[in-house]
Amino acid sequence: MSKTKRKLPAAQTNSKQSRRAISGELASRPTVVGLFAGVGGLEAGFHEAGFETSLLCEIDSTARQVLQTRFPGAAIESDVRALARLPACTVLTAGFPCQDLSQVGRRQGITGPNSGLIGVLLGLLKDRKVGPEWVVIENVPFMLNLHGGLAIRYITSALESMGFAWAYRTVDARAFGLPQRRRRVLLVASRVHDPRPSLLAQDVGAPETRSRGSHACGFYWTEGNTGLGWAVNAVPPLKGGSALHIPSPPAIWFPRSGLIAMPSIEDAERLQGFDADWTSVLQDGSRESRGKRWRMVGNAVSVPMATWLAGRLARPLSKFQASGETSLPETGSWPSAAWCYGRKRRAADVSDWPVAMEQLHLAPFLKHPLQPLSKRATNGFLSRLMRSTLNYDPQFAEALAQHAKQAE
């Protein structure tokens, strides 16, 4: 994993390129239009792979400030529902809202007020008969199970009705070296390419479960009743919100020192593959600003994961050897990976790990000052944990109790 400073897209000398993107003219480089862009995780990954972002659409005003700073050459729009048509582009990216599909969210499903906005994207695709070459959609794995897999059935059926072949796969961001356990569904669709080789052909298999040893372990301090989010030598998935409905970082137990602390927002950005201070357009240091930054980072897409996918799409492969040939179920949840090509729908026998880049250890990865978990937060978590039926390491409980005695 390179530690060099990420180069941002070059600023344009005037707005001609932005106007050309909106009017439908393609630039010389392969172009990306990003809907539901957040702070640009997908698009930053595609930029690293040589793509140019022409337009970004994001409804959150603070996230738009980040996009304007980090993608100075792109046109910025505020509401996908206000787009009259989809601009011409090589790739359309869409990490559409997950609030209604998340296991810890409202679970209203694909017809919910937020996640249901995927229908707007599908409508824009329907109106554009030619292009884009690729559509990349990202969301949480729970969408494959919620309401009997209704969300994935709805999306894939709509794509098929427009002549798209598709493939999806659940991918863990740890495969790309960062010490954050973060599983997400990547769905790739195309009218002109077979998406299976790019997304499914690489597979190294999940590594063996790591023993705790003396590794730092991440957990959700806002949980403790029904789950921990326990992760060895990693943090659990960074989230935009918690069971307490507040944007908050996970906590980390350092067994060697006994410290229990939270990472800084700068290290959280790095855990997502951004440069530190990627979201630092908010610099007043207020609690509200910190909360907004945590929410934006927690909702972001892992940049190295996007870079890997972009590199695969930039050099599409022509052949794919299917294995397993298991049909998709008529009812109920769908598998963690599947495809549709040549009027066939099949499950894919692949793991969450398409590659296995060098794993960075959590403790030395963290470069910025840690914030010790407060006495109140520690005692609250420990109390919930002790009342629960969860399995946990006795040494972890002892460390929590000791930390609570020493914490402010």
Side-chain angles (χ1 to χ4, degrees), residues 41-42 94-96 98 100-105 107 109-110 115 118 135-160 164-178 180-190 194-210 227 229-231 234 236-239 301-302 304-306 308-309 312-313 320-341 344-357:
L42 273 171
F96 72 101
C98 68
D100 303 309
L101 301 173
S102 172
Q103 193 167 7
V104 297
R107 301 195 184 188
I110 198 63
S115 300
I118 187 67
V135 176
V136 175
I137 296 173
E138 179 268 355
N139 216 282
V140 294
F142 196 60
M143 69 179 288
L144 304 176
N145 306 318
L146 183 63
H147 300 161
L150 179 61
I152 191 65
R153 294 172 192 274
Y154 168 73
I155 295 169
T156 55
S157 294
L159 290 170
E160 288 174 39
F164 283 93
W166 56 262
Y168 75 77
R169 178 180 194 166
T170 307
V171 178
D172 192 328
R174 287 181 299 169
F176 309 98
L178 293 176
Q180 178 192 183
R181 187 186 72 237
R182 191 176 187 85
R183 299 174 69 246
R184 290 295 184 268
V185 171
L186 294 176
L187 187 152
V188 177
S190 179
D194 180 354
R196 298 175 300 169
S198 298
L199 186 62
L200 304 176
Q202 280 190 316
D203 190 49
V204 299
E208 294 183 4
T209 302
R210 186 188 297 270
W230 187 256
L238 299 176
K239 299 189 294 186
V301 177
S302 173
M305 183 172 67
W308 166 78
L309 179 59
R312 301 286 290 174
L313 298 185
F320 175 73
Q321 184 63 46
S323 62
E325 288 292 309
T326 304
S327 298
L328 294 177
E330 294 293 330
T331 59
S333 302
W334 273 15
S336 61
W339 54 264
C340 177
Y341 185 76
K344 281 186 177 182
R345 280 182 167 192
R346 296 289 186 269
D349 184 19
V350 294
S351 74
D352 295 357
W353 289 62
V355 296
M357 296 182 182

message: With rounding to the nearest 0.5 angstrom, report the OG to NE2 distance, Ser333 to His147.
response: 11.0 Å
- prompt: Would the number of heavy atoms belonging to other residues, nucleotides or ligands and lying under 6.0 Å from CG of Asn145 be above 12?
  reply: yes
message: Keeping Arg196 on the side-chain end and Trp339 on the backbone end, is there a donor-acceptor pair under 3.5 Å?
response: no
- request: Could you grab the distance from atom CE of Met305 to atom CZ of Arg182, nearest 0.5 Å is fine?
  value: 7.5 Å
message: Give me the atom names and distance for the closest heavy-atom approach of Trp230 to Arg181.
response: O-NH1, 2.6 Å
- prompt: Closest heavy-atom contact between Pro236 and Gln180?
  reply: O-CG, 3.9 Å
task: Work out which heavy atom in Phe320 is nearest to a heavy atom in Pro197; give both atom names and the distance.
output: CB-CG, 3.7 Å
field: Stepwise side-chain contact (heavy atoms from CB on, under 4.5 Å) check, Glu160 with Arg345
entry: CA-CA 11 Å; Glu160 288 174 39; Arg345 280 182 167 192; 2.8 Å; yes
message: Any salt bridge linking Asp203 with Arg169? Criterion: basic side-chain nitrogen under 4.0 Å from a carboxylate oxygen.
response: yes
message: As a quick check of understanding, evaluate side-chain contact (heavy atoms from CB on, under 4.5 Å) for Trp334 and Met143, giving each step before the final call.
response: CA-CA 9 Å; Trp334 273 15; Met143 69 179 288; over 6 Å; no
field: Shortest non-hydrogen contact between Pro354 and Phe176, atoms and distance
entry: CG-CZ, 4.0 Å
- request: Could you tell me whether a side-chain N or O of Thr170 sits under 3.5 Å from a main-chain N or O of Asp352, the two making a donor and an acceptor?
  value: no
field: Under the side-chain contact (heavy atoms from CB on, under 4.5 Å) test, residues paired with Ala338 that sit two or more places apart
entry: Trp166, Tyr168, Leu328, Pro335
query: side-chain contact (heavy atoms from CB on, under 4.5 Å) between Val140 and Arg184: does it pass, once the steps are laid out?
result: CA-CA 5 Å; Val140 294; Arg184 290 295 184 268; 4.0 Å; yes
message: Keeping Arg153 on the side-chain end and Gly148 on the backbone end, is there a donor-acceptor pair under 3.5 Å?
response: yes
- prompt: Does Arg174 use its side chain to pair, donor to acceptor, with the backbone of Ala234 at less than 3.5 Å?
  reply: no
- request: Determine yes or no for a side-chain-to-main-chain donor-acceptor pair under 3.5 angstrom, with Glu138 supplying the side chain and Ala94 the backbone.
  value: no
message: Rounded at 0.5 Å granularity, tell me how far CG in Leu144 sits from CG in Leu150.
response: 12.0 Å
- request: Scan Leu187, Leu309, Val136, Leu313 and name whichever one has a side-chain contact (heavy atoms from CB on, under 4.5 Å) with Leu199.
  value: Leu309
- prompt: Closest heavy-atom contact between Ser336 and Val350?
  reply: OG-O, 4.4 Å
message: Please report the interatomic distance CD1(Ile155) to CG(Asn139), rounded to the nearest 0.5 Å.
response: 7.0 Å
- prompt: Are Arg183 and Asp172 ion-paired here, with the side-chain N under 4.0 Å from a carboxylate O?
  reply: no
- request: List the atom of Ser302, the atom of Leu178, and the distance in Å for their closest heavy-atom pair.
  value: OG-CD1, 4.5 Å
